[in-house]
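Chain A is the first sequence line, chain B the second, and so forth, proteins listed ahead of strands; every chain is numbered from 1. For the numbers below, each heavy atom of this structure counts, side chains included, while hydrogens, waters and symmetry mates do not.
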Number of protein chains: 2
Amino acid sequence: MNKHGEAIARFAKHKSTHGLKSSDKRSFVVDHFIQADRHFTVEELYFEVKKLRPEISYSTVYRALKLLAKCGLASESMFGETVSRYEPVHSSAHHDHLVCNKCGRIIEFENDKIEKLQKDVARNYDFLVSAHRLELYGLCKKCRRKKAL
Amino acid sequence: MNKHGEAIARFAKHKSTHGLKSSDKRSFVVDHFIQADRHFTVEELYFEVKKLRPEISYSTVYRALKLLAKCGLASESMFGETVSRYEPVHSSAHHDHLVCNKCGRIIEFENDKIEKLQKDVARNYDFLVSAHRLELYGLCKKCRRKKAL
DNA sequence: TATGAAATTGCAATTCATTTTCATAATTGT
DNA sequence: ACAATTATGAAAATGAATTGCAATTTCATA
Ligand SMILES: [Mn+2]
Ligand SMILES: [Mn+2]
Ligand SMILES: [Zn+2]
Ligand SMILES: [Zn+2]
């Protein structure tokens, strides 16, 4: 099973263990979100969904994302904007982000050495880390080129 | 000159080069902010200032912090809350944060190795970094102890 | 010291994303 | 089909951030 299927299955399990009912609309939103696998604002996801299923409301999209976040299937970030962004959380690995201030591109990366050093820092302060956030802001490759012209 | 004096001097310079005028109220807010040297929400700073100078309004505090942020004398962060926090930016070094989810304590740290590795990551993606943000969330030493009881 | 352009202030009003309310509809177990 | 519960849409409420505006203060110049 691919990671999308996995995510869908995890959501199904969450529904069954939490007395949630199934609904075509929410399923459509969740599927689209998982398939697209991007960093959506609620509004962005709403507009994409609306093109295909105009009868789905903003509330439903909003609630679907909040639900996914609450049950650990989506993660919420701010990336220096005034709106939250949500991305699917795959059972796979954690990652951090490069955020382009020009075009908004979001690049994901993993760096074990940094992760390791973070643990060292925490140990130094007797701090128990449950989550972390590392974001590098600047200009992506493309925007750098454009600017150079 | 200590770092507080330095910050005050930098603000004076900014005022002179930007046609800003002096005002007791704003100066009081700025001084208190710089002296306290903490991670304030606008509201927190407002309430502290109000105790000493009740005639100073929320707007003045809000605008003072925005101004300091704009001219690089304060930095703005979210730390996973719904409100922004501001802290003085000293000419000294950059730092990152450990944020306690229980008591709200904010611990600052610097780690050159991590900074170095971030540059490596950026170079890998041909990304030009202008700022970054690293936050470790969890339980501070004290809250860890309490929980263990 | 008096003047006036420009900046500052307080208060209220507004903006904007997010969240909640509530009446209605859909789902699920019996 | 029925009852109980969850899901939905539209509108209203919330709350932090921001702005509009009239009144006040600053400050260079007369
Ligand atoms: Mn991501
Ligand atoms: Mn700090
Ligand atoms: Zn870019
Ligand atoms: Zn703590």
*Watson-Crick or G-U wobble mate for dA30(D), both contacts under 3.5 Å*: dT1(C)
*Mind listing the closest non-hydrogen atom pair of His14(B) and Leu67(B) along with its distance?*
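In this case the closest contact between His14(B) and Leu67(B) is NE2-CD1, 4.2 Å.
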_Could you report the tightest heavy-atom contact between Ala131(B) and Val129(B), atom names first, then the distance?_
O-CG1, 3.4 Å
*Under a 4.0 Å N-O cut-off, is there an ion pair linking Lys116(A) with Asp120(A)?*
yes
*asked:* Main chain of Lys13(B), side chain of Thr17(B): is a donor-acceptor contact present, judged purely on distance under 3.5 Å?
replied: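 Answer holds: yes.
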*Within the side chain of Arg144(A), is there an N or O that forms a donor-acceptor pair under 3.5 Å with the backbone of Asp126(B)?*
yes
Can you find a pair of side-chain heavy atoms, one from [X] and one from [Y], that are under 4.5 Å apart?
{"X": "Lys50(B)", "Y": "Glu55(B)", "value": "no"}
{"X": "Ser27(A)", "Y": "His32(A)", "value": "no"}
{"X": "Glu43(A)", "Y": "Glu48(A)", "value": "no"}

Near-strand residues of [range], defined as heavy-atom separation under 4.0 angstrom from DNA chain C:
{"range": "residues 16-32 of chain B", "result": "Gly19(B), Leu20(B), Lys21(B), Ser23(B), Lys25(B), Arg26(B)"}
{"range": "residues 63-79 of chain A", "result": "Arg63(A), Lys66(A)"}
{"range": "residues 35-62 of chain A", "result": "Tyr58(A), Tyr62(A)"}

_Tell me every residue that passes salt bridge (charged side-chain N to carboxylate O under 4.0 Å, His left out) with Glu87(B), counting only those two or more places apart in sequence or in another chain._
none
*Would you please say whether a donor-acceptor pair under 3.5 Å links the side chains of His39(A) and His97(A)?*
yes
_Donor-acceptor side-chain pairing of Tyr137(B) and Glu135(B) below 3.5 angstrom_ =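 Indeed, the side chains of Tyr137(B) and Glu135(B) share at least one donor-acceptor pair under 3.5 Å.
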Which protein N or O atoms sit under 3.5 Å from an N or O of nucleotides 14-16 of chain C?
none

Distance-only criterion, 3.5 Å: show the donor-acceptor pairs between side-chain atoms of residues 71-80 of chain B and protein atoms not counting sequence neighbours.
unit_1, atom_1, unit_2, atom_2, d
Glu76(B), OE1, Lys66(B), NZ, 3.3
Glu76(B), OE2, Ser84(B), OG, 3.0
Glu76(B), OE2, Tyr86(B), OH, 3.4
Ser77(B), OG, Arg133(B), NH1, 3.1

